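Contents: one structure, followed by commentary.
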Amino acid sequence: MVRPLLVKVTCGADDAERANQGLTVAATALAAGAEVDLWLAGDAVWTAVADRPDPFLLEHAAAPRDLVAAVRAGGTVTVCSQCAARRGIGEADLDPGVRIAGAAVFVETALRDGVQALVY
C-alpha cells in the first residue's frame, strides 16, 4: 500500500526550481498510485489561478500549470486561505476542483495516519 503524500509548495517564480520540484514530486507520486494532497502557499498559488499563464517556466521541466492540472485530475489541490486573500484571489478565480482552506485543514490533513509530508 502506498502512503498518502502531502506536498506543500511555498514559493513560485521567486524560487522556480524549488517550486517545480515540489509540483513534480506531487504529480509523480500521483502517477505512481499515491493519494496526493497538494497545498499551494505564497506565490505558488498563481499556478492554480484559472486563465493565467504559467508564473514561471524552467528548461528541462514540465510547466507548473500542467503539473498542477495532473494532480487535480486524481488528487486534491488546495490554496492557502491567507495567501489567496493577500493576493485578492477567491475560489471563483481558481481552476475547477481547486479549493481554498486554512491552517486547521492543513494540520488535519498532515496528522492523518500514515501521511508523509514534504514542504518545498
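Everything numeric here is computed off the predicted structure, so don't read it as measured data.
In terms of modelled atom types and a separation under 3.5 Å, the side chain of Asn20 and the main chain of Glu17 share no donor-acceptor contact. Counting only distance, with no hydrogens or angles, the side chain of Gln82 and the backbone of Gly102 share no donor-acceptor pair below 3.5 Å. With hydrogens and angles disregarded, no donor-acceptor distance shorter than 3.5 Å links the side chain of Arg72 to the backbone of Val98.
Val105 places a side-chain heavy atom less than 4.5 Å from the side chain of Trp39. Inter-residue side-chain proximity for Leu57 and Pro64 is flagged as met; some heavy-atom pair is nearer than 4.5 Å. No side-chain heavy atom of Val115 sits less than 4.5 Å from a side-chain heavy atom of Thr109. Residues Leu23 and Leu40 meet the side-chain proximity criterion, which asks for heavy atoms closer than 4.5 Å. Between Leu94 and Arg99 the shortest side-chain heavy-atom distance does not fall below 4.5 Å. You'll find the side chain of Thr78 stays beyond 4.5 Å of the side chain of Asp37, heavy atoms only.
For the residue pair Ala19 and Cys11, the shortest heavy atom distance occurs at CB-O, 3.4 Å. A pairwise comparison of heavy atoms in Pro55 and Ala13 identifies O-CB, 3.6 Å as the closest pair. Across every non-hydrogen atom of Gly114 and Pro4, the tightest pair is O-CD, 3.6 Å. Smallest separation of non-hydrogen atoms from Asp54 and Ala63: OD2-CB, 3.4 Å. When all heavy atoms are compared, the tightest approach of Arg3 to Ala34 is O-CB, 4.0 Å. Taking all atoms of both residues into account, the shortest heavy-atom contact from Ala70 to Leu30 is O-CD2, 3.2 Å.
Residues Ile100 and Phe106 fall into different hydrophobic clusters, defined by Ile, Leu, Val, Met, Phe, Trp and Tyr side chains chained together at heavy-atom separations under 4.5 Å.
One distance of note links CZ of Arg86 with SG of Cys80; it measures 6.0 Å at 0.5 Å rounding. Atom CG of Leu6 and atom CG of Leu118 lie 8.0 Å apart (nearest 0.5 Å). Once rounded to the nearest 0.5 Å, the distance linking OG1 of Thr24 with CG of Leu58 reads 9.0 Å. Residue Asp15 holds its CG atom at 9.0 Å from CZ of Phe56, rounded to the nearest 0.5 Å.
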Next item on the list: Step by step, work out the side-chain contact (heavy atoms from CB on, under 4.5 Å) result for Glu91 and Val79.
Entry: CA-CA 9 Å; Glu91 288 214 5; Val79 166; over 6 Å; no
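Evaluation of the salt bridge (charged side-chain N to carboxylate O under 4.0 Å, His left out) test over residues 58-69, restricted to residues two or more places apart or in two chains, returns Arg65-Asp95.
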